[in-house]
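Here is the structure we will look at, set down as structure tokens.
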Amino acid sequence: MSEQARKAAGIVAQRVPGFTPRVGLTLGSGLGALADQVENATVIPFGDLPGFPEPSVAGHQGRLLLGRLGCQDVACLQGRVHLYEGHPPQAVVPLVRTLKLIGCETYFATNAAGALDPDAQPGQLMLITDHINLQFGNPLVGPNDDQFGPRFPPMDGAYDAEHQALLRTAASDLGIELREGVYLATLGPSFESHAEVRAFGLLGANAVGMSTVPEVIVARHCGMRAAAVSVLTNLAAGLSDMVLSHEQTLHYGQAAAADMTRLVLGFLERLPAKG
Ligand code: HPA
């Protein structure tokens with residue numbers, strides 16, 4: 001996994017010599033529009049990068065964009081690995097470690113999620129403040145690569161407090177309503193049963209989705225700061241009359257893409273100078 005990341009980072013370095021992105025972003029379901037804002041983008045299809053799988057889900061394109069977003073150099077993963085596609089949890093390792101090796105200090109995930117709070121509205125954004133891993137797998141299972149991080153990495157403060165504060169400030173300055181809470185990751189691909197939704201609420205989760213957690217675990221293991229924002233594309237199963245579908249996820253993902261784009265740009269603008 002680490003070897004693939006090293007090779008992939010070498011390929012990136014060949015294509016964009018001297019380019020050192022500060023933030024690595026993953027664009028979730030229906031949120032690819034953010035990629036259109038990347039200026040002077042160098043595009044590398046996942047197929048050219050060792051260990052980067054070809055995503056199979058509509059709304060996930062499978063390419064790495066390197067360029068300028070707002071006032072920062074960034075690397076955007078347009079597409080991600082979902083465990084429900086049949087990948088082992090370790091399959092997210094090369095993507096996130098490649099971001100680390102090309103210089104990213106921060107890993108920023110966006111995703112689509114179902115709201116567990118009945119007062120949420122589809123299309124609202126939620127700042128992730130912590131997570132619950134119910135994917136029954138961990139991407140760091142297997143031999144540890146000590147060059148990236150420790151065998152037993154802590155998950156305290158996994159979602160960087162300073163980044164959270166910047167996101168809250170950016171949202172308030174931009175007039176974007178930003179909910180916040182705990183994201184619970186399931187394996188998927190089935191949506192939740194009504195009993196699961198009730199159980200997840202009791203566990204203390206505010207949103208449920210099928211991604212992000214393994215990525216953040218890998219990012220924290222190798223010392224990157226992490227930040228993540230969900231688009232709440234629906235109320236979780238049983239909390240409304242809506243029948244859940246991936247089309248609905250894409251629809252509300254796209255509807256919220258403008259707010260997500262403004263929020264991410266606002267965050268990048270407010271990042272203090274490197275130091
Ligand atoms: N559950 C799980 N994942 C999701 C949902 C949901 O309700 N909506 C978007 N992604």
Side-chain angles (χ1 to χ4, degrees), residues 25-34 55-61 77-87 89 91-92 108-137 139 159 177-217 228-261 263-264:
L25 293 129
T26 290
L27 310 179
S29 291
L31 295 168
L34 196 54
S56 63
V57 180
H60 294 271
Q61 296 200 17
L77 295 168
Q78 201 174 11
R80 61 157 41 102
V81 167
H82 291 98
L83 307 195
Y84 60 70
E85 293 169 275
H87 302 289
V92 305
F108 193 130
T110 65
N111 63 38
L116 294 165
D117 298 329
D119 64 328
Q121 306 284 331
Q124 283 181 331
L125 302 183
M126 188 189 94
L127 173 67
I128 299 181
T129 55
D130 206 346
H131 71 225
I132 297 174
N133 182 9
L134 276 188
Q135 294 197 316
F136 304 105
Y159 298 83
E177 193 183 342
L178 187 61
R179 303 179 69 91
E180 54 183 82
V182 174
Y183 174 92
L184 182 147
T186 65
L187 181 58
S190 52
F191 287 111
E192 298 66 44
S193 69
H194 295 191
E196 285 166 343
V197 166
R198 285 194 298 274
F200 296 168
L202 290 174
L203 286 178
N206 303 94
V208 55
M210 306 173 190
S211 68
T212 301
V213 167
E215 300 154 14
V216 167
I217 291 173
V229 178
S230 296
V231 175
L232 302 174
T233 53
N234 55 278
L235 289 181
L239 297 181
S240 81
D241 297 335
M242 277 203 272
V243 176
L244 306 189
S245 69
H246 187 57
E247 287 64 41
Q248 183 192 37
T249 300
L250 293 181
H251 172 79
Y252 281 102
Q254 272 146 18
D259 277 352
M260 183 68 94
T261 301
L263 182 62
V264 171

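First listed ligand is number 1; within each ligand, the first listed atom is number 1. For reference, positions follow the sequence shown, starting with 1.
Formation of a donor-acceptor pair under 3.5 Å by the Thr110 side chain with backbone atoms of Thr26 is found in this model. In this structure, the side chain of Glu180 does not engage the main chain of Met126 through any donor-acceptor pair within 3.5 Å. Side-chain N or O atoms of Tyr183 include one that pairs as donor or acceptor with a backbone N or O of Ser211 at under 3.5 Å. No donor-acceptor pair under 3.5 Å is formed between the side chain of Asp117 and the backbone N or O of Asp119. In this structure, the side chain of Ser230 does not engage the main chain of Ala112 through any donor-acceptor pair within 3.5 Å.
Contacts of Ala237 with ligand 1, taken as heavy-atom pairs under 4.0 Å, are absent altogether. Within the 4.0 Å heavy-atom criterion, the part of Asn234 lying near ligand 1 is the side chain and not the backbone.
Of the candidates Val229, Asn234, Thr233, Val231 forms a side-chain contact (heavy atoms from CB on, under 4.5 Å) with just one, namely Thr233.
When each atom of ligand 1 is checked for a heavy atom of Glu192 under 4.0 Å away, the hits are 1 (N), 2 (C), 6 (C), 7 (O). Atoms of ligand 1 lying under 4.0 Å from at least one heavy atom of Thr233, given by number and element, are 8 (N), 9 (C). Of all atoms in ligand 1, listed by their number and element, those nearer than 4.0 Å to a heavy atom of Met210 are 2 (C), 3 (N). Those atoms of ligand 1 with a heavy atom of Gly114 less than 4.0 angstrom away are 4 (C), 5 (C), 6 (C), 7 (O), 8 (N), 9 (C). Listed by atom number, the atoms of ligand 1 under 4.0 Å from Ala112 heavy atoms are 9 (C), 10 (N).
For atom 4 (C) of ligand 1, the nearest non-hydrogen atom of the protein is Val208 O, 3.7 Å.
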